[in-house]
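The structure appears below as structure tokens.
Both counts, for ligands and for their atoms, begin at 1 and track the order of listing. Fair warning: this is a prediction, and the values are worked out from it, not measured in the lab.
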Amino acid sequence: MVAVAAGVVLGELAAGLLSPSVSPVTAVGGAVIDAVPPAVKEWAIGVFGMADKAALLGGMALAIALLAALAGVLEWRRRFAGFAVIAVFGVVGLAAVMGRAQATASAIPVPLLSAAAAILVLRGLVGRLRTWSPEPGSAAAGPARRRFLQALGGGAAVAALGGVIAAALRGAAAGVSELRSKLVLPAAASPAPPFPAGAELTLADLSPLVTPNRDFYRIDTALTVPAIDPEKWMLKVTGLVDREVELDFATLLAKPMIERHVTIACVSNEVGGDLIGNARWLGWPVRELLAMAGPRSGADMVLSRSKDGWTAGTPLEALTDTRDAMLAVGMNGEPLPLEHGFPVRLIVPGLYGYVSATKWLTEIKLTRFADDVGYWTPRGWSERGPIKTSSRIDVPRAGRTVRAGTVAFGGVAWAQHTGIGKVELRVNRGAWQAAHLAPGISRDTWYQWELALPLTPGQYEVQVRATDLNGTPQTEQRAPVAPDGATGFHTIRVDVTP
Ligand SMILES: Nc1nc2c(c(=O)[nH]1)N[C@H]1C(S)=C(S)[C@@H](COP(=O)(O)O)O[C@H]1N2
Ligand SMILES: [Mo]
């Protein structure tokens, strides 16, 4: 039981640090809730009332303890028999976390780590127990017995301590998740423009025009997701300003909100990569806040800071011009998910996230590029980070076999703030062929495109190229992600079978 407790605690600790949505205990509990027939659910609520969740967790703890005891006894009797029981735990945990609505790849290692830790601890304990001779008179009995009891006590103490930490992390995140779920966002005074007809193509496997929150890429340096109570949240505007301004959440929500579709991207996104997503953001224009503070002459940069100290340096004009940079509170019709910056983040169309998209925002400092730097700049990344025009082939998916005949290609292309004018494909470095380009929903978002090409059996190299609405094509020149974003054509190999 000590071994399994240590494993479970380690998993919960990892989940507390990574994201509440990867907790194996929560996932298994959720799966139990989903699987239980409605009549049993009603019975449980009738008996336990508001304590139904606590009762479920208590029941799970009891079941886990019994199975852990069984694993221990089996391992004592027969080598690997107990490990197999624990491995089953791991598989159940893995199935549960992958079955959750929020399933992400980052959830996979957590139950595996749990099971591996439990097996290692059990191995250590059973090994010590075997050397503990049961004959009371034998000379080795004393020290061996002491070694076993020390290991057992040590394992129990570490598990208990980890459990307390995991519970604290979980409590903070759960409390804020609860507040978030009760939050009602205001309607936008300026809603997102409706989609033009045909903006969303129906090609299978094409990235959706608007990325669901659960599929949205996540990049940050936060080891623990900051848990911020919106009632206690406060934004300070400091530095080169006529008046310092403080803004609380209720005041922010009462401002006239705008809603816009904006595609944000990470500077670490490789050509063809998936560190990019498009969402409908709800927020208040940053320029309104800056106007309240009155930037002093000489200020040319805004250093935004998050709760955990991370910073981004954004050119002042990107926050004051017409591009609708905003203090975002909503993402696709919901309050920001905790992982995406709840309660407030910055969204600046046209700039990579590292110089603009501060999550868990707490301070905005007016300053000068000559005086301040954002987090990533001294670490080998450029001071300025406009998103580069690029395009991606989503269909056919890598590794999919394709039948000869008419082969459907499709993908996305972006040139934030300018918009996409055309997308072309070429096969085996032949002539560029224009794809059908769906009308954009905004110049600050990606556009979908598709093209059907007749292909006979064989191997092909297919490349995509986007041109913006000013007529500037994306560059063929390959560049790595550092210091200011990758370039080159997304190139895929397609195997066409008869
Ligand atoms: N507080 C904080 N905000 C941050 C970061 C961070 O590390 N900490 N990373 C930035 C980077 S590099 C990117 S690409 C975007 C990613 O936003 P997302 O995780 O919501 O997709 O957040 C930005 N905001
Ligand atoms: Mo990023």
Side-chain angles (χ1 to χ4, degrees), residues 17-19 21-22 102 104-106 176 180 207 210-228 233 235 261-271 273-283 286 302-314 318-319 325-332 334-365 373-388 390 414 416 444-446 480-486:
L17 292 173
L18 287 169
S19 155
S21 62
V22 304
Q102 294 275 309
T104 60
S106 64
V176 172
R180 175 186 176 275
S207 305
V210 179
T211 316
N213 290 354
R214 66 168 181 282
D215 298 333
F216 210 93
Y217 81 96
R218 174 187 168 198
I219 293 285
D220 53 63
T221 60
L223 187 54
T224 62
V225 173
I228 303 176
W233 177 83
L235 177 65
H261 285 96
V262 179
T263 297
I264 66 167
C266 185
V267 68
S268 300
N269 194 36
E270 302 281 355
V271 170
D274 57 6
L275 299 180
I276 177 166
N278 184 37
R280 179 164 46 94
W281 308 95
L282 175 77
V286 189
V302 167
L303 192 74
S304 54
R305 183 179 295 275
S306 75
K307 169 86 172 176
D308 64 349
W310 186 87
T311 53
T314 312
L319 300 176
M326 62 170 106
L327 299 166
V329 296
M331 183 177 183
N332 292 329
E334 286 175 27
L336 294 176
L338 265 59
E339 292 85 350
H340 294 290
F342 183 80
V344 182
R345 75 176 302 173
L346 276 175
I347 289 293
V348 184
L351 301 185
Y352 286 120
Y354 83 106
V355 288
S356 69
T358 304
K359 306 191 270 190
W360 315 292
L361 180 69
T362 58
E363 189 195 342
I364 278 182
K365 179 187 174 195
V373 285
Y375 181 89
W376 284 112
T377 302
R379 292 170 170 85
W381 300 85
S382 166
E383 185 178 80
R384 308 210 180 214
I387 299 178
K388 294 177 179 175
S390 195
W414 56 93
Q416 279 88 339
D444 293 323
T445 61
W446 60 21
V481 294
D484 62 358

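- Between the CG atom of D484 and the CD atom of E383 there is a distance of 11.5 Å, given to the nearest 0.5 Å.
- Ring pair W310/Y375 is tilted by interplanar angle, where 30° to 60° counts as tilted.
- Under the side chain to side chain contact (heavy atoms under 4.5 Å, CB included) rule, P343 has a single partner from I228, L336, V176, L361, which is I228.
- Residues W233 and W360 form no side-chain contact, since every pair of their non-hydrogen atoms from C-beta on lies 4.5 Å or further apart.
- Atoms CD1 and CE, from I347 and M331 in turn, are 7.5 Å apart once rounded to the nearest 0.5 Å.
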List of N/O pairs, ligand 1 versus protein, all under 3.5 Å?
{"from": "ligand 1", "atom 1": "1 (N)", "to": "S306", "atom 2": "OG", "distance (Å)": "3.1"}
{"from": "ligand 1", "atom 1": "1 (N)", "to": "K359", "atom 2": "O", "distance (Å)": "3.2"}
{"from": "ligand 1", "atom 1": "3 (N)", "to": "K359", "atom 2": "N", "distance (Å)": "3.0"}
{"from": "ligand 1", "atom 1": "7 (O)", "to": "T221", "atom 2": "N", "distance (Å)": "2.8"}
{"from": "ligand 1", "atom 1": "7 (O)", "to": "W310", "atom 2": "NE1", "distance (Å)": "3.3"}
{"from": "ligand 1", "atom 1": "9 (N)", "to": "I219", "atom 2": "O", "distance (Å)": "3.3"}
{"from": "ligand 1", "atom 1": "17 (O)", "to": "R345", "atom 2": "NH2", "distance (Å)": "3.1"}
{"from": "ligand 1", "atom 1": "19 (O)", "to": "I219", "atom 2": "N", "distance (Å)": "3.0"}
{"from": "ligand 1", "atom 1": "19 (O)", "to": "K359", "atom 2": "NZ", "distance (Å)": "2.5"}
{"from": "ligand 1", "atom 1": "20 (O)", "to": "H340", "atom 2": "ND1", "distance (Å)": "2.6"}
{"from": "ligand 1", "atom 1": "20 (O)", "to": "R345", "atom 2": "NH1", "distance (Å)": "2.7"}
{"from": "ligand 1", "atom 1": "20 (O)", "to": "R345", "atom 2": "NH2", "distance (Å)": "3.4"}
{"from": "ligand 1", "atom 1": "21 (O)", "to": "Y217", "atom 2": "O", "distance (Å)": "2.7"}
{"from": "ligand 1", "atom 1": "24 (N)", "to": "A357", "atom 2": "O", "distance (Å)": "2.9"}

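- Note: W446 and W414 have tilted aromatic rings, judged against thresholds of 30 and 60 degrees for the angle between ring planes.
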